[in-house]
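In what follows, chains are A, B, ... by sequence order, proteins preceding strands, each numbered from 1. These figures come from a predicted structure and were not determined experimentally.
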2 protein chains.
Amino acid sequence: MTALSTLHTPAADQSTTQRCSICQGMEPELHRQLQRLGRIKRYAAGEIIVGEEEEAPFVGTVTSGVLRMQKTLYDGRQLIVGLLMPSDMFGRVFSSTSNVSIEAATDVTLCCYSRAGFEILLSQFPALEHRMLLSMLDELESAQNWMLLLGCQSVTERIATFLLILRRRSAKLQSDTVQCLGNSVTIPISRRDMAAYLGTTVESISRSIQEMARQRVLGIIDPQHFRILDERRLVELSGSDDTEMKLSVPVERTLRTA
Amino acid sequence: MTALSTLHTPAADQSTTQRCSICQGMEPELHRQLQRLGRIKRYAAGEIIVGEEEEAPFVGTVTSGVLRMQKTLYDGRQLIVGLLMPSDMFGRVFSSTSNVSIEAATDVTLCCYSRAGFEILLSQFPALEHRMLLSMLDELESAQNWMLLLGCQSVTERIATFLLILRRRSAKLQSDTVQCLGNSVTIPISRRDMAAYLGTTVESISRSIQEMARQRVLGIIDPQHFRILDERRLVELSGSDDTEMKLSVPVERTLRTA
DNA sequence: CGAGGACTTGAGCCAGTTCAACTCATGTGG
DNA sequence: CCACATGAGTTGAACTGGCTCAAGTCCTCG
């Protein structure tokens, strides 16, 4: 498993580990240990980091780019059960095999830890294990929200929800960069991945988006960049009022799985 | 919140806590503490134990009966994101509000712990918190499996999967009771709940089941009791070969959310 | 016995899929 | 630099699985 294409694996430097979500507000000793354990790896879009049902010798966090966690049925149908964005953790601790495949949806930079080493840290630092538990609880909530979306919402509702989540997520990340002034949304993945994430087809996505553009809800700059022209309407189309969004989706990990 | 109908809340006795999944193989002191903290509560089918977005002052385990965790959209559409069977835990630790509503799908007996008290135990006994983490990891996997089912499988596949999971689950529970000799499956919930769980409608479920009966895959004893006549075919219909089922779904919590 | 709920069955309809064609943008080799 | 293949996205047209609505059966309970 894992890539032949890993470019290099230097020890993680200060600036890398500092940005990892799991390292925030950690005791200095733990922070040192994580830094010692971390290795930077790069993968090109499309590469498989961990295969489904495969031995996964490491876990880690996304530094840049987007990972997809996906599952495949025997006949090839597949669903993306989560997108992992910078600061999100990937990999399965306390189990030798992952039940999802983890693939690079774009070119990515990862900060990897050997699974064994990370598990030792978990047992040595209960605070780390506690953070891990909180993180899993959030992720489970997100998964439940996503089930609701897959189980009972229309394609348009799914897309509107996705766009709102994306915008929130990028607003969060770039609060300093101030690049996303106001209402533009960048789709970081292909239509194919969007379809696999939303449980539909590229054709249906295309039609839905073009229809939203016709109704002046969205402005299409190019296939990857939209402008939100009528936010109120987009929230309506998403089928969950704004209030509910704020309450039910932990902002921190909004994109993780929901 | 919580029921007006709680019949009584005696302290949990030995036999109750002994059967809880979280108490298995625990140090005696922790076991004593849990026993002291636990209260038995009973609810009738249909009662709401915890409302969505509501303060939930306790967590607990199911002793008998079935709970449903469900989410509701503003316009009334709803999905059951998990069924909780005896030995499963319910409730959300480390958050004051639940993001799902928890309701009695049948008459149930619960062993409840005050959330605050339980969280104190979690911090005092790292082993308990560790078990909790493992349990959440399993549940997350199940949730991902269920997303795959909701996102890309047909109604027939969903039902076949559900039946196989049910049978496995009950085989597990009743390994001693030897009541389910061989191939009968008991549906512990209504068609309405089944539809909400499988992301479809009662009509579609009915049609699918009758069709499986016509094809001699199932024998219908009564609406709640089927006999599996052609297991191979049922597994085929479920759309995931037997091997995959065994690998991907942790047997222990098979029904939890997947 | 009548009301009401759970389940089944039928008939028509529609959101979304499938299949196919077309438009671009990108890249490759002669 | 062009010819051509390749892949991503869009659009059109036909088809269909599953939904909706409506009616029926059967069982339980007051």
Reading nucleotides 5-11 of chain D from 5' to 3' and marking B where a protein heavy atom lies under 4.0 Å of the base, S where only the sugar-phosphate is that close, and - otherwise, the string is ----SSB
Specify the separation, in whole Å, of atom [atom1] of [X] and atom [atom2] of [N].
| X | N | atom1 | atom2 | answer |
| --- | --- | --- | --- | --- |
| A:Q153 | D:dC19 | CD | P | 15 Å |
| B:D222 | C:dT8 | CG | C1' | 14 Å |
| A:R77 | C:dG16 | CZ | C1' | 16 Å |
| B:M212 | C:dT8 | CE | C1' | 15 Å |
| B:E211 | C:dT9 | CD | C1' | 13 Å |
| A:L198 | C:dG16 | CG | P | 12 Å |
| B:H225 | C:dC7 | NE2 | P | 12 Å |

Ignoring hydrogens, what is the shortest heavy-atom contact between A:R167 and A:S184? Give both atom names and the distance.
CG-O, 4.0 Å
Give the minimum heavy-atom separation between B:D193 and B:I80, together with the two atoms involved.
O-CD1, 3.4 Å
Test item: [X] side-chain N/O and [Y] main-chain N/O as donor-acceptor pair under 3.5 Å:
| X | Y | answer |
| --- | --- | --- |
| A:R158 | A:Q153 | yes |
| B:S206 | B:V202 | no |
| A:S154 | A:E157 | yes |

Are B:I189 and B:R68 side-chain neighbours, meaning at least one heavy-atom pair lies under 4.5 Å?
no
Does a side-chain N-to-carboxylate-O contact under 4.0 Å join A:E53 and A:K71?
no
Hey, can you pull the residues of residues 101-108 of chain B with a non-hydrogen atom under 4.0 angstrom from DNA chain C?
none
Centroid-to-centroid, A:Y197 to A:W146, below 6.0 Å?
yes
